[in-house]
Amino acid sequence: MPTGNSAALIGLDWGTTSLRAHLLDASGAVIERRSSAEGILADHKGGFEGTFGRVAGDWVARAPGLPVIASGMITSRNGWVETPYVRVPAGVDELASSLVPHDLSPASRIHFVCGMDYDPVDGTPDIMRGEETQIAGCLERGSGGEGEEGLFVMPGTHSKWVSVRGRRLDKFDTYMTGEVYAVLKGHSILGRLMEKSAGPLGTGFDQGVSARLESDGSLLRHVFSARTMALFDRVAPDQVADYLSGLLIGEEVRSALKDCGSGSGSGSGAGATVTIVGDGALTERYRRALELAGVAAVPAPEDAAALGHFAIARQAGLIAG
């Protein structure tokens, strides 16, 4: 472990399939980071407390009484401690005041961050657990406009689009794009004509994105073109998967910029800016789709969840500052 910085906080970003732990100093800088495949669905020998001990127990042993804060699906019904939802619009103040404490021992306590929900009068309810902390971290570093407002996308199996106004989450929408893609590719007739892509991001992706950005027609009708375009030799077999991915992500981007982007302060058309929270090949697909839509994309700061943990803990008075 690096020396020279005194530990002030342990942050746990604990999701469905993974656990990321950060040891932070009093300025919010990450001293050490660890990761584990022990998400909430893993077989936790000794329960969640046992997993926490294996991943971060030595940190606690070196600094007894060190505050611990956790966010993500660990706060769900299938997690360690189920927390309620904070209703948007809300920000760091509300997250800090609603922390749910849980005693590990007389000298050690963990604080769980509540998720957020959105229940518009003219729509359907939506929920998030963990993403609110990442957004708090982005705002801590001034991402999204001037750090006061902006539009954020969080690619994943269930992507989130979040509008922030006045440093508070104003509204958000969830898109099941990744899961729908996996189902269509693996369990439908569309997958039978797909061959392994020749590269990380093929020309078929651009075709699919552009097709949806330029269409107001039915997505369900358009999805079938992933088969017919291949049969008519208009999409190469090794580009069919990318074409389907482009159709779905293109539809998500088109819809999100219209529905969640309006009124976000970042705009929803040419000249707008969207912050992408995440890393890896999937974020590159969203960056490219946004580029085709005429929207600039900027990356979120590294360790957004850790920054969010620090911002919430500081506001709650768990650390000085």
Side-chain angles (χ1 to χ4, degrees), residues 8-16 19-22 24 26-28 30 40 66-77 79-103 109-120 125-145 147-154 156 160-174 260 264-265 275 277-278 300-301 303-321:
L9 179 71
I10 295 173
L12 305 175
D13 178 17
W14 206 332
T16 303
L19 163 61
R20 297 178 181 86
H22 298 90
L24 299 97
S27 71
V30 176
I40 68 165
L66 192 66
V68 183
I69 187 168
S71 62
M73 290 301 290
I74 193 65
T75 69
S76 70
R77 189 165 300 177
W80 191 349
V81 172
E82 183 178 9
T83 66
Y85 293 104
V86 173
R87 178 66 48 88
V88 300
V92 170
D93 287 354
E94 289 82 2
L95 292 174
S97 64
S98 62
L99 288 174
V100 176
H102 175 73
D103 290 333
R109 170 177 289 182
I110 185 169
H111 293 82
F112 291 96
V113 181
C114 291
M116 284 189 168
D117 64 16
Y118 174 50
D119 193 8
D126 209 333
I127 56 174
M128 66 166 61
R129 286 192 185 275
E131 294 89 353
E132 73 294 320
T133 302
Q134 291 177 289
I135 295 296
C138 291
L139 296 175
E140 176 75 5
R141 283 294 171 87
S143 295
E148 296 291 332
E149 56 187 33
L151 182 60
F152 299 78
V153 60
M154 316 176 91
K160 303 283 187 185
W161 287 75
V162 183
S163 169
V164 172
R165 303 184 70 181
R167 297 185 65 83
R168 305 175 85 215
L169 284 76
D170 179 58
K171 58 182 178 179
F172 62 89
D173 292 321
T174 303
C260 203
S264 67
T275 300
V277 184
D303 295 326
L307 291 170
H309 288 142
F310 178 79
I312 295 168
R314 182 184 58 200
Q315 185 63 27
L318 299 180
I319 53 179

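Both backbone and side-chain heavy atoms feed into the values below; hydrogens, waters and symmetry mates do not. As the structure is a prediction and not an experimental result, all values here were calculated from the model.
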Where is the tightest heavy-atom contact between [X] and [Y], given as atom of each residue plus distance?
X    : Y    : result
V86  : S98  : CG2-OG, 3.4 Å
A70  : I110 : CB-CD1, 4.0 Å
C114 : L95  : O-CD2, 3.6 Å
A311 : E140 : CB-OE1, 3.4 Å
I127 : T174 : O-OG1, 4.0 Å
I319 : P67  : CG2-CG, 4.0 Å

Just say parallel, tilted or perpendicular for the rings of Y118 and F172, cut-offs at 30° and 60°.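 Because their plane-to-plane angle lies in the 30° to 60° range, the rings of Y118 and F172 count as tilted.
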Spacing of [atom1] belonging to [X] relative to [atom2] belonging to [Y], to within rounding of 0.5 Å:
X    : Y    : atom1 : atom2 : value
I135 : M154 : CD1   : CE    : 4.0 Å
R77  : E82  : CZ    : CD    : 5.0 Å
R314 : S27  : CZ    : OG    : 10.5 Å
L139 : L169 : CG    : CG    : 7.0 Å
I74  : R129 : CD1   : CZ    : 11.0 Å
I69  : F112 : CD1   : CZ    : 10.5 Å

Taking the side chain as every heavy atom from C-beta outward, state whether [X] and [Y] have any atom pair closer than 4.5 Å.
X    : Y    : answer
L19  : L12  : yes
V162 : L151 : no
V92  : R167 : no

Could you check whether any side-chain N or O of [X] sits under 3.5 Å from a backbone N or O of [Y], counting only pairs where one atom can act as donor and the other as acceptor?
X    : Y    : result
E132 : G130 : yes
Q315 : A313 : no
E94  : G91  : yes
R168 : P89  : yes

For the side-chain contact (heavy atoms from CB on, under 4.5 Å) test, which of M116, K160, K171 pairs with D126?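 Testing each of M116, K160, K171 against D126, the sole residue satisfying side-chain contact (heavy atoms from CB on, under 4.5 Å) is K160.
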Evaluate T133 against D13 for side chain to side chain contact (heavy atoms under 4.5 Å, CB included), listing each step before the verdict. CA-CA 9 Å; T133 302; D13 178 17; over 6 Å; no
